[in-house]
Amino acid sequence: MYKALCKKIRDKKAKVGIIGLGYVGLPLAITFAKKGFDVIGIDINKNRIAKIKEGVSYISDVSDYELKKVLRKRRFKVTTDFKAIRKIDAAVICVPTPLGKKRRPDISYIKKAVTNVKENIQKGQVIILESTTYPGTTREILLPILESTGLKEGRDFYLGFSPERIDPGNKFYKTENTPKIIGGISKKSTHIAGLLYEKIIEKVIPVSSASAAEMVKLLENTFRIVNIALVNEIAMLCEKLGLDIWEITDAAKTKPYGYMSFYPGPGVGGHCIPVDPLYLSWKAKRHGFETRFIDLASSVNETMPHYVVGRLRKILADRKKRIRNAHILIIGVAYKKDVKDLRESPAIEIIKLLQKKRAQVSYHDPYFPYLEIDGVNMRPARIDRKNLKKFDCVLIATEHTNINYRFLARYSKLIYDTRNILDRSGIRGRNIIKL
Ligand SMILES: NC(=O)c1ccc[n+]([C@@H]2O[C@H](COP(=O)([O-])OP(=O)(O)OC[C@H]3O[C@@H](n4cnc5c(N)ncnc54)[C@H](O)[C@@H]3O)[C@@H](O)[C@H]2O)c1
C-alpha cells in the first residue's frame, strides 16, 4: 500500500483533495493542478464553489485566467460533497483557525474537516494538515479521530503537518518557490508528504515530527509579531525624542549582518500575525509556562490604533481643529498592501475609534467598493480635487500600489501617513506628517 501510494505520487497519478478553498487552499489547489495532478477542491461555502465553477476567483493571488485554465483542462473540480474524499489519495486540510471566545484557539473548523475525512477515509490515503495551529494538534486531535475508524496511522493511512507560509500579495514568493516544512506522525508519513510536495515546490524540508512542524510556523510568526512590536515601540519613543523612525530604520538596515528590517505601522492585521502567537501562548499556559514576549508584543501592537488616533488628535489640535466633527479620510482599509482582506485590520479599529470620538469618517480602498462596520454600511469617498479639499485630514492606514499618492498629497489639506509611503515615493510637503 505504501509503495503503491509513493509510486502514484511519483507518477503524478495520485488524486489530490484540498479541503478549504480560501487564501491558502485555492492557490495550493491551482498549483497542484498546474503541475499535472487531478485535484478536487472541497469547501462548505456554496457561493465559493459556484464562483470557482464559473471561473471567477475571489482570491487576489489567483487570477481568473489561471483558474479557468485548470478548469478547462479538467485538472480541477470542486464540490461541497465530502464523499469526494473516497476517491482521492491525498487530502490537504486548509481550513481557518481563528480565535474564539476569550481569544483562545478555535480549532472547531479543523475538527469538523477531519471528522468529514474520517467518515470517508480509505486505506492507503495520506492526510496533511496545513492550517496554522498549536504544537500537538495533529497528534492529539487529528490522530485519535482518524484512528477511531480502526485504521492505524503509518500502516493503513499516513498523517502529517505542513505549515502554509503563503504571503498574500507577494509578487515574488508564491507556493512553488517558498520552501515547505513537513513533519509526519510516522517516518513513512513524513516521506510520503515530502514526495507529494516535492512535485510542486522547489524545496522541501523534513523535520522530526508533526509537532515540530507546527512549532516552526509559530516560531516564524512569533518572530514577526515581536519584532513589529519592538519597532512600533521605538517609533512611539522616536516621536517623544523628535526623531524620525523611518530615517532610523533605513540607516539601521545598512548593517550587513545581525539586523533585519521591520517597520512600524498602525497595528498588525490578517489571519496570521495577530492570531497565531496566541495559539502558542495558550498551549504554553496549559504547560504552566508564560510566553512573556508574545503577551507584551500583542499588547504593544494592540495599542497602535489608539496611538495613531491620539496622534491624529494632537496633529489636528496643533491646527486649532477638534477631532469631534473633523472630516477624516482613511486611505486603505485592508490589513496589508494589495490584498482584499479585512481580517483584524487595524484600519477598521482606527475607524471605530474615530467614530467613537464623533469624527466624520470616510474611506477609500480600491479593493472594497463598500464596507460594513458593526452593521453600518459605508460607501467609498471619491478621490478628486474638490472632494479631497473637504477633509480636515487624510490618514494613510494601508498603502496599495494602485493609489495615486502624488495626487493625494497635492490636493489634501493635511496627510497623516502611517506607512511612510509618501516619503518613500519621493513625495514631500508641509502638509505631510509621518508616523
Ligand atoms: N491567509 C494567509 O495568509 C495564511 C498564511 C499562512 C497560513 N494560513 C493558515 O491557513 C489556514 C487557512 O487560512 P485561509 O486564510 O486560507 O482561510 P480562509 O478563511 O480564506 O479559507 C478557509 C476556507 O475553508 C472553508 N471551510 C471552513 N470549514 C470547512 C470545512 N469543515 N470543510 C471544508 N471547508 C471548510 C471556508 O469556507 C473557506 O473557504 C488558517 O489556519 C491560517 O492561519 C493563512
Side-chain angles (χ1 to χ4, degrees), residues 17-31 40-53 56-62 78-85 88 91-100 105-120 127-135 137-138 141-142 145 161-170 173-175 178-181 201 213-214 216-225 268-280 334-345:
I18 306 290
I19 303 173
L21 298 168
Y23 288 89
V24 167
L26 189 59
L28 186 67
I30 304 284
T31 308
I40 178 104
I42 309 173
D43 203 295
I44 51 171
N45 184 327
K46 288 187 186 135
N47 288 339
R48 288 194 154 182
I49 294 297
K51 278 204 163 167
I52 295 177
K53 282 184 178 165
V56 178
S57 168
Y58 43 80
I59 300 290
S60 29
D61 284 347
V62 173
V78 287
T79 179
T80 52
D81 186 356
F82 285 88
K83 287 199 190 80
I85 291 172
I88 60 177
V92 186
I93 302 173
C94 310
V95 296
T97 44
L99 292 173
D106 173 5
I107 58 160
S108 59
Y109 296 89
I110 294 184
K111 282 184 180 165
K112 273 189 200 137
V114 84
T115 304
N116 286 317
V117 173
K118 176 192 106 171
E119 285 161 3
N120 296 287
I127 295 125
I128 301 160
L129 177 65
E130 285 216 9
S131 304
T132 308
T133 183
Y134 58 80
T137 309
T138 308
I141 307 289
L142 277 71
I145 294 176
F161 182 83
S162 179
E164 178 52 60
R165 291 165 141 178
I166 202 163
D167 179 18
N170 194 320
Y173 284 108
K174 305 277 179 199
T175 307
T178 304
K180 195 95 175 99
I181 305 288
I201 291 170
E214 287 159 342
V216 170
K217 172 74 185 177
L218 293 185
L219 170 63
E220 290 167 6
N221 281 1
T222 302
F223 175 82
R224 285 189 62 75
I225 197 179
V268 288
H271 190 6
C272 297
I273 306 299
V275 173
D276 302 348
L278 300 183
Y279 270 63
L280 188 55
Y335 84 87
K336 73 180 269 198
K337 182 179 171 180
D338 296 343
V339 299
K340 190 183 169 187
D341 191 347
L342 282 181
R343 290 178 291 182
E344 309 277 328
S345 174

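We count ligands from 1, going down the list as the structure has it; atoms in each ligand are counted the same way. Nothing fancy with the numbering, it's 1 onward along the sequence.
In this structure, of Gly20, Ser108, Ala113, Pro27, the residue bringing a heavy atom nearest to atom 31 (N) of ligand 1 is Ala113. Closest heavy-atom approach to atom 26 (N) of ligand 1 among the candidates Thr80, Ile44, Asp276: Ile44. Between atom 6 (C) of ligand 1 and the options Glu164, Glu130, Lys112, the minimum heavy-atom separation is to Glu164. Closest heavy-atom approach to atom 19 (O) of ligand 1 among the candidates Arg343, Lys217, Lys111: Arg343. Of all the listed residues (Lys336, His271, Arg48), His271 holds the heavy atom that lies closest to atom 42 (C) of ligand 1. For atom 39 (O) of ligand 1, the nearest non-hydrogen atom from the set Asn221, Asn116, Val95, Asp43 comes from Asp43.
Listed by atom number, the atoms of ligand 1 under 4.0 Å from Pro96 heavy atoms are 19 (O), 22 (C), 24 (O), 27 (C). Close approach to Ser131 involves these atoms of ligand 1, each under 4.0 Å from a residue heavy atom: 11 (C), 41 (O).
On a distance-only criterion, Val24 and ligand 1 share at least one N/O pair closer than 3.5 Å.
What you find for Pro98 and Tyr279 is that their closest heavy atoms are O-OH, 2.6 Å.
Looking only at atom types and distance, the side chain of Asp81 has no donor-acceptor partner in the side chain of Thr79 under 3.5 Å away. In the model, Ser60 has no side-chain atom that pairs as donor or acceptor with a side-chain atom of Lys340 under 3.5 Å.
Contacts with ligand 1 closer than 4.0 Å are made by backbone heavy atoms (N, CA, C, O) of Cys94 only, the side chain lying farther away.
The side-chain heavy atoms of Lys217 and Asp276, taken from C-beta on, include a pair separated by under 4.5 Å.
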